[in-house]
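First listed ligand is number 1; within each ligand, the first listed atom is number 1.
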Amino acid sequence: MSLLIKNGVIVTAMEEYKGDILVEEGKIVAIGKDLEAKAEEIIDAKGMYVLPGGVDQHVHFSFEFNGSKVRGFETSNAAAVGGTTTVIEFVNQIKGKGLIDTIDDYRKENAEGIAMVDYSFHGIITDPSTGVYDEIAKLPEAGYPTVKLFMAYKGMFFHCDDDVIAKSMQKAREAGVTIMVHAENADLIDVLQRECVEKGQVEPYYHAVSRPPMVEVEATERAINIARLMDAPLYVVHVSTKGAVDAIKRAQDEGLPIYGETCTHYLTLDKENLAKPNFQGAKYVCSPALREQDDMDYLWESIKNGWLNAISSDHCGFNWAEQKHMGKDDFRNIPNGAPGLENRLGVLWTTGVETGKITRSQLVNLFATKPAKINGLGDRKGHIGVGYDADIVLYNPNHKSVISNETSLQGVDYNSYEGMEQIGRPEKVFLRGQLIVDEGKYIGQQGQGEFVPGKAFGLCYDGVER
Ligand code: DUC
Ligand code: ZN
Ligand code: ZN
Ligand code: ZN
C-alpha cells in the first residue's frame, strides 16, 4: 500500500515547511517539495497542518481505586479522534507475581485484538517481595523500559516508601530503565485529610485543600535527592505546581538527568472547578489536585522554556454517576483521575497555539516527539521523518466546535472540558499509513493497534538534549 500526502504544512519539533510525504508499507519513505512519486492513493492536505501522531505517555486503561476500575482499551478510539496514535498504559504489578509476567498477561488479555491505536506499557511496582529489583534489568528486553512508583496514597496497595524508590533507581540506572514517580507526600496528605474530615469538610473541594502544592513540592524534592544519591535519572509525572517545576529546573541546571511532564488539565482547569455544586466538583478530583492561576501560568512558561518535557492526559475513565459517587459523603473515597485522552490536542491547540503561548513546533515536541523519545519509542514514533512510522495527523485549523460529551468516544459519562470552544480538529488520522479517522470520525477497527516495545536509555543519561 502506498500513499502520497501532498501540499500540507509539515510541523516537526524543530520547524515547519511545505512538503509532500510518501508512505509505503506503513513507513514514511520520502519527504520533499512537489514529490514526483506514484502512489495508490493521493491525499490533498492543502490548508492542513501535518503533524506526527500524538504519543500520550500517561494513560490509564486499568487504574483501580477502592476496587473500582476505569474504562479500558475498548475506548482507545478516543485517542485516535484526538490525534493520538500511541498510548502508554500503566500496569499495576499483581501482588505475588513478577512485573514482566503481569504486563505480558495484561497485554494479551486487555490490549491485543482490542486496541485501536498503537500501545506500549509502563510497569508499576507494588510488590518488591517477588524479586522485582532483579527484574528491572530484564525490563528493556521485554520492551517495558519504564517503571512508575507511587509516593502518594498512604495505606493503598501501590504506595511505595523511599527504600523501594532508592533500590529501584540503583538497578534502573545500569539497565537504562527510567524510574517515574508520582510525587506527593502520603503522610502529610493523610494528616490534612483527617483534619478536614474531623471538621466535617467532606465535599470534593477538600480534596484540593488536603493536597496543597507543598505536599507535591516536598515529594518532588525528595525524589530528586534520592536520584542524586543513587546517581540515577528520574522522570516526575504530572507536575502541577511552581515549586515542583523549580525543583526540577534546579536539578537540571546542576546537570542532573531529572525530567518532568505536566498534563492538559493542569494548564487549563483551575481548583475552583472542585467547588461546583451538586457534587459536580467530583468530576475534577485528580491527583495532584487542580491548582490556581499563578501555578497554571507558570506551567505555560515551563513548557515554553523546556523546563518540562511532555504534556500528557493522565486519562482516567471513571464515571461520575456510580464511581465518583463512592465519595459522596467523604471526598477521600472519590476515585482520583479524570478523562482527557480525546481532548489533549484540541485543547492544547486552542489554549496554547491559538493564543500564542506556544508555537506549533513546541506543541508537536510536547505532544509527540519528546514523549516518544523519553519512553524509548523515538526511532519510530513522534516525528515526521523518513524511516518513521506513518502516524500522521492532518489538523484542520479552520474547524470550530464545542466540546461535548455527547460526541465523545471516551466511554465516560462526563467530559472535563464540556462547553469549551475548540479551534481546529484532527481531520484525518493515519496509523502506520492506514486511515483511521476521516472528517473527524473514527473509521478504523478494533485490534488495529499494535504493541510497540520501548527501548532502554530512552531517558538520556549523558548530556543528550532534553
Ligand atoms: N495518579 C495518576 O497518575 N493517575 C491517576 C491517579 C493518580 O494518582
Ligand atoms: Zn509510606
Ligand atoms: Zn499519579
Ligand atoms: Zn496517571
Modelled atom types, side-chain donor and acceptor of S62 and E89, under 3.5 Å: yes

4.0 Å heavy-atom contact, F90 with ligand 1: no

Parallel, tilted or perpendicular: ring planes of H60 versus F63, cut at 30 and 60 degrees: tilted

F279 ring center within less than 6.0 Å of H325 ring center: yes

4.0 Å heavy-atom contact, D314 with ligand 1: yes

Tally of protein N, O or S atoms, where distance to the Zn ion (ligand 3) is under 2.8 Å: 3

Check: L308 main-chain N/O paired with E261 side-chain donor or acceptor under 3.5 Å: no

Distance filter under 4.0 Å to Y153 heavy atoms, resulting ligand 1 atoms: 6 (C), 7 (C), 8 (O)

Atoms of ligand 1, numbered as shown, that sit under 4.0 Å from any heavy atom of H60: 2 (C), 3 (O), 4 (N), 5 (C)

For F63, atoms of ligand 1 separated by under 4.0 Å from a heavy atom: 5 (C), 6 (C)

Polar contact flag, side-chain donor to acceptor under 3.5 angstrom, Q252-K249: no

Numbered atoms and elements of ligand 1 in range of H182, under 4.0 angstrom, heavy atoms: 1 (N), 7 (C), 8 (O)

Protein residue, atom and distance nearest to atom 3 (O) of ligand 1, heavy-atom basis: K148 NZ, 2.6 Å

Interfacing atoms of ligand 1 (cut-off 4.0 Å, heavy-atom, N336): 5 (C), 6 (C)

Which of the ligand 1 atoms, numbered from 1, are nearer than 4.0 Å to a heavy atom of H58: 2 (C), 3 (O)

No-hydrogen, no-angle side-chain donor-acceptor test under 3.5 Å, S68 and Q323: yes

Side-chain donor-acceptor contact under 3.5 Å, R425 with S401: no

Derivation of the side-chain contact (heavy atoms from CB on, under 4.5 Å) call for L377 and S120: CA-CA 9 Å; L377 310 176; S120 203; 3.9 Å; yes

Q293 versus D297, side-chain donor and acceptor atoms under 3.5 Å: yes

Atoms of ligand 1 close to C316 [distance to a heavy atom under 4.0 angstrom, numbered from 1]: 5 (C)

Any donor-acceptor N or O pair under 3.5 Å, side chains D295, T241: yes

Within-shell test, A152 vs ligand 1, heavy atom, strictly < 4.0 Å: no

E184 near ligand 1 by a heavy-atom separation under 4.0 Å: no

Polar protein atoms (N, O or S) that approach the Zn ion (ligand 2) to under 2.8 Å: H159 NE2, D161 OD1

Lys/Arg cation over aromatic F318: K324, 6.0 Å, 45° cone: no

Non-neighbouring partners of S240 that pass side chain to side chain donor-acceptor pair (under 3.5 Å), sequence neighbours left out: E216, R291

Short side-chain donor-acceptor distance under 3.5 Å, E218 and N185: yes

Identified side-chain contact (heavy atoms from CB on, under 4.5 Å) partner of W349 from the options T351, V347, V353: V353

Within-cut-off N or O pair, H238 and ligand 1, under 3.5 Å: yes

Axial cation check for F90 ring with K148, 6.0 Å and 45° limits: yes

F65 near ligand 1 by a heavy-atom separation under 4.0 Å: no

ring-ring contact (aromatic ring centres under 6.0 Å, His included) pairs, two or more places apart, involving residues 163-198: F150-H182, Y153-H182, H182-H238

